**Q** 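Before we start, here is the structure in question, set down as structure tokens.
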Protein chains: 2
Amino acid sequence: MAVTLYDVARAAGVSIATVSRVVHGQDRVRAATRHRVREAIEALGYVPDAAAQSMARQRKEIIGLVAVESRDPDTDVEQDGLLFIEEVLRGVEQALRPIGWSVLISVLISGGADAYRQLQRISAKVDGLLICEGIVDSEHLALLAARVPVVLIAGPAAEPSADVVTADNHGGTVTLVRHLISRHGARRFHYLAGPAEAPDANARRRAFEQAVADCPGAVVTASFQGRFAAISGQRAVRAMLGQELPDVIVCGNDQMAIGAIRELQAAGIRVPLDVAVTGFDDIHLSALLTPTLTTVRQPMRQLGERGCACLLDRIADPGRPRVSVELPTELIVRTSCGCLLPSCFYRAAHWCQGIW
Amino acid sequence: MAVTLYDVARAAGVSIATVSRVVHGQDRVRAATRHRVREAIEALGYVPDAAAQSMARQRKEIIGLVAVESRDPDTDVEQDGLLFIEEVLRGVEQALRPIGWSVLISVLISGGADAYRQLQRISAKVDGLLICEGIVDSEHLALLAARVPVVLIAGPAAEPSADVVTADNHGGTVTLVRHLISRHGARRFHYLAGPAEAPDANARRRAFEQAVADCPGAVVTASFQGRFAAISGQRAVRAMLGQELPDVIVCGNDQMAIGAIRELQAAGIRVPLDVAVTGFDDIHLSALLTPTLTTVRQPMRQLGERGCACLLDRIADPGRPRVSVELPTELIVRTSCGCLLPSCFYRAAHWCQGIW
DNA sequence: CTGTTAGCGCCTTCAC
DNA sequence: GTGAAGGCGCTAACAG
């Protein structure tokens, strides 16, 4: 059906070995021959079949990028999941472009044994795996890693069978909390955590608790277990309505913060006047909301790029020592924490509330 | 290196054919044998190599999803490109999940001859190609389609060598313009078009012009050639500042509308009080902006799903007649056109302007 | 029921 | 310089 090496060879009157040589730019071919072969290739529109190449040279030139979406039964209609992956993908593509490799993308539904099966299937199609928000248990991970190199993005730094690239969740969170305390005099904190299985969610939560504990007078008034989705933010707010408002609701990621803000506004509570809200990640949306979101920027593009570079290194040398890198985060101060509000805002807020 | 069929066969004391049979769930194997083989597979952690399978059964079970980003030299720092693809990807995954196929994703930088080379390389790794915002000329497309089935998403409906799935750009635009005219009494229109090479951009533009022409008294005061990116919206607004404002700025997509709104707000012009702005696509962001964006919803998820289904059909039967489907669009009325504004808004707007 | 065997398309020594 | 031949891991007849 498709044009093969043999077709080209026949058309050019040479052997397949010769065609292969010119395809790969080897110089051990007489100029005239090479020319003839090139013409045949052009005329027939020959493109070497990737599967056959993979087979022969034991390399697919494809890396797998997979995100494990953690959902509970109620949130499976959720639409806003990929925002994280998107930036990571750009970083990965950037790292792959120079060498011409491709990326196989796939978002897994759950984190169960089924997820492992799917990962296994994917592993058969790629030279290496980049797993985001690594909600895969160590045991299964080890099994996977035995088949194919694995790099975790935003995963648990201590994973023994994979390299890991993360952001400085701890430092970012601590900086944020200190800002809230020193600049805004916040004392009463509400925390909205990400899924317990997500390592970065845990890192942030722990850092938050520690930072609050480190400040005399500051207290965690309540916390809510969310799943990194906007709906979690809405639920958390619904659950706390009626109670006394905290000074700030610190959220484990931007999506939940967005959900929280919407629900607060819907309830007629003014952000940041009545309660401040903060996020984590600095997704594209965060700068465009009303109010704009104060958050901690995680260099997602870079996470993808570094993670991919790391994976390529390991593919090239599977025996090299395990690597674990942590990229810096940055506090992004906007208005949802109460900063940057011109005085006219206070008047305007009264009128605006609940309009949009 | 990796575990192969032979390893399993040896371990289980059977032939590779038998192993292959149990792997594929054939029943013509004695229960005892099957059991033994299963154990060996489990013990060794065997997963069939995809490249070898592709080779043997002439099918890779991978489809390629590619977006061609059209950029001019000034916009290559742009960050907000993938928003379209993201939803499409979800649709594609949905269509592929039941059969276990994977998607190879890749966004091409330019639309030149270089893009064709890249597409060629990708075509060698997949069973079919899904091209979004098809900025590939017919000639190259025909060459590609000769190698591998191609489906265009949001591409030119008349492309002879590929199936096409689009949204009803014409109808959506006309409905929008009529709304602006009849509900808001708009007469002076400014148009912000997408890239001339993009078929959907053209369809929208033509529909817009026709709809305006159909209304006595309505005029297009000016138009601007953008590239579907937020920065285009900003530029367009800068270019029109100082001139008399139109009633509405109709934008070829949401991203440009967002850019336009931001620039207008920065210039102290109130949206929608001083000028209305509308978009097209209804990306996730649009409902969260201030003001929320009035736009035409394009069923992006469905475009991906239908496009993929169409591609699978063609892969199954390459000879079937060409197909071209058009999905319906829907006018989404929010506040940027001037609708849904409670009276208090007018007071509030005065104070709010330019704060965020 | 199970084993043998011939490819799938390409790369890569090894001879010539 | 160029060609012949083996093998990559698996599938799918075809024999038993």
Side-chain angles (χ1 to χ4, degrees), chain A residues 1-38 40-41 44-62 100 120-127 147-148, chain B residues 1-38 40-41 44-62 100 120-121 123-127 147-148 315:
Chain A
M1 178 184 170
V3 182
T4 76
L5 211 48
Y6 291 89
D7 300 322
V8 178
R10 197 177 321 122
V14 297
S15 76
I16 61 167
T18 300
V19 178
S20 180
R21 288 188 184 106
V22 355
V23 166
H24 294 86
Q26 290 204 13
D27 38 340
R28 322 194 152 199
V29 179
R30 195 188 308 163
T33 312
R34 192 184 324 153
H35 189 68
R36 204 147 32 96
V37 172
R38 285 247 171 80
I41 289 178
L44 273 51
Y46 168 71
V47 179
D49 179 75
Q53 285 184 309
S54 310
M55 188 103 216
R57 58 163 83 140
Q58 302 286 50
R59 183 137 295 177
K60 305 180 170 57
E61 307 204 339
I62 298 180
Q120 241 184 190
R121 289 207 51 173
I122 296 173
S123 77
K125 296 182 175 176
V126 303
D127 292 321
R147 277 192 50 76
V148 65
Chain B
M1 178 182 171
V3 181
T4 75
L5 211 49
Y6 291 89
D7 300 322
V8 178
R10 196 176 323 121
V14 297
S15 77
I16 59 168
T18 301
V19 178
S20 180
R21 287 188 187 107
V22 354
V23 166
H24 294 85
Q26 290 205 11
D27 39 339
R28 321 195 152 199
V29 179
R30 196 189 308 164
T33 312
R34 193 187 322 153
H35 188 67
R36 202 145 35 96
V37 173
R38 285 247 170 81
I41 289 178
L44 273 52
Y46 168 72
V47 179
D49 181 74
Q53 286 183 311
S54 310
M55 190 101 214
R57 59 163 83 142
Q58 301 285 52
R59 183 137 297 176
K60 305 179 170 59
E61 307 205 337
I62 298 181
Q120 239 183 191
R121 288 207 50 174
S123 76
K125 296 182 175 176
V126 304
D127 292 321
R147 278 193 49 76
V148 66
I315 290 171

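Numbered from 1 within each chain, the chains take letters A, B, ... in sequence-line order. Reckoned from all heavy atoms, side chains included, excluding hydrogens, waters and symmetry mates. Keep in mind the model is a prediction, meaning the values are calculated, not measured.
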**Q** Are any of Tyr46(B)'s side-chain N or O atoms less than 4.0 Å away from OP1 or OP2 of dC10(D)?
**A** yes
**Q** Could you please name the option among dT2(C), dC10(D), dG3(D) that lies closest to any side-chain atom of Val29(B)?
**A** dT2(C)
**Q** Any donor and acceptor pair, going by atom type alone, linking the side chain of Arg36(A) with main-chain N or O of Ala12(A) inside 3.5 Å?
**A** yes
**Q** Side chain of Tyr6(A): nearest nucleotide among dT13(C), dC8(C), dC10(C)?
**A** dC10(C)
**Q** Output the rounded distance in Å from CZ (Arg59(B)) to C1' (dG7(C)).
**A** 18 Å
**Q** Measure from the side chain of Val14(B), starting at C-beta and using heavy atoms only, and say which of dG3(C), dC10(D), dC10(C) lies closest.
**A** dG3(C)
**Q** Atom OG of Ser54(A) and atom NZ of Lys125(B): how far apart are they, to the nearest 0.5 Å?
**A** 8.0 Å
**Q** For residues Val23(B) and Tyr46(B), report the shortest heavy-atom separation together with the two atoms involved.
**A** CG2-CE2, 4.1 Å
**Q** What is the distance, rounded to the nearest whole Å, between atom CZ of Arg36(A) and atom C1' of dG1(D)?
**A** 12 Å
**Q** Could you check how far CD1 of Ile16(B) sits from C1' of dG7(D), rounded to whole Å?
**A** 14 Å
**Q** Of all the nucleotides listed (dG9(C), dG3(D), dA13(D)), which has the minimum atom distance to the side chain of Gln58(B)?
**A** dG9(C)
**Q** To the nearest angstrom, how far is Lys60(A) atom NZ from dC8(D) atom C1'?
**A** 10 Å
**Q** The side chain of Leu5(A) is closest to which nucleotide in this list: dC10(D), dT2(D), dC11(C)?
**A** dC11(C)
**Q** Both Arg21(B) and Ala52(B) contact DNA chain D. Taking the nearest nucleotide for each, which residue is further toward the 5' end?
**A** Ala52(B)
**Q** Compare every heavy atom of Leu44(A) with every heavy atom of Val3(A), then report the nearest pair and how far apart it is.
**A** CG2-O, 3.4 Å
**Q** Considering every strand and a 4.0 Å limit on heavy-atom distances, what is the contact class for Arg57(A): base, sugar-phosphate, or nothing?
**A** sugar-phosphate
**Q** So, is Gln53(A) close to the dC11(C) phosphate, meaning a side-chain N or O under 4.0 Å from OP1 or OP2?
**A** yes
**Q** Which nucleotide sits closest to the side chain of Ala56(B): dG9(D), dG3(C), dC10(C)?
**A** dG9(D)
**Q** So does Ser15(B) get a side-chain nitrogen or oxygen closer than 4.0 Å to the phosphate oxygens (OP1/OP2) of dG3(C)?
**A** yes
**Q** Please determine whether a side-chain nitrogen or oxygen atom of Ser20(B) lies at a distance below 4.0 Å from atom OP1 or OP2 of dT11(D).
**A** yes
**Q** Would you compute the distance between atom CZ of Arg21(A) and atom CD1 of Ile16(A) and round it to the nearest 0.5 angstrom?
**A** 10.0 Å
**Q** In whole Å, I'd like the distance from the CZ atom of Arg10(A) to the C1' atom of dG3(D).
**A** 16 Å
**Q** Which part of the nucleic acid, if any, lies within contact of Thr33(A), taking any heavy atom under 4.0 Å across all strands shown: a base, the sugar-phosphate backbone alone, or nothing?
**A** sugar-phosphate
**Q** Could you tell me how far apart Arg28(A) (CZ) and dT13(C) (C1') are, to the nearest whole angstrom?
**A** 12 Å
**Q** Mapping Met55(A) and Gly13(B) to their closest nucleotides on DNA chain C, which lands nearer the 5' end?
**A** Gly13(B)
**Q** Starting at CD1 of Ile41(B) and ending at P of dC10(D), how long is that distance when rounded to a whole Å?
**A** 10 Å
**Q** Is it the case that dG1(D) (base atoms only) and Arg34(A) (side chain only) share a donor and an acceptor within less than 3.5 Å, ignoring hydrogens and angles?
**A** no
**Q** Ignoring the backbone of Asp49(A), work out which of dC11(C), dG9(C), dG3(C) is nearest its side chain.
**A** dG9(C)
**Q** Got a donor-acceptor contact below 3.5 angstrom from the Asp127(A) side chain to the Lys60(A) backbone?
**A** yes
**Q** Looking at Thr18(B), I'd like to know whether one of its side-chain N or O atoms comes within less than 4.0 Å of OP1 or OP2 on dG3(C).
**A** yes
**Q** How close or far is atom P of dC8(D) from atom CG of Asp7(B), stated in whole angstroms?
**A** 11 Å
**Q** Using a heavy-atom cut-off of 4.0 Å across all strands, would you classify Arg30(A) as base, sugar-phosphate, or nothing?
**A** sugar-phosphate
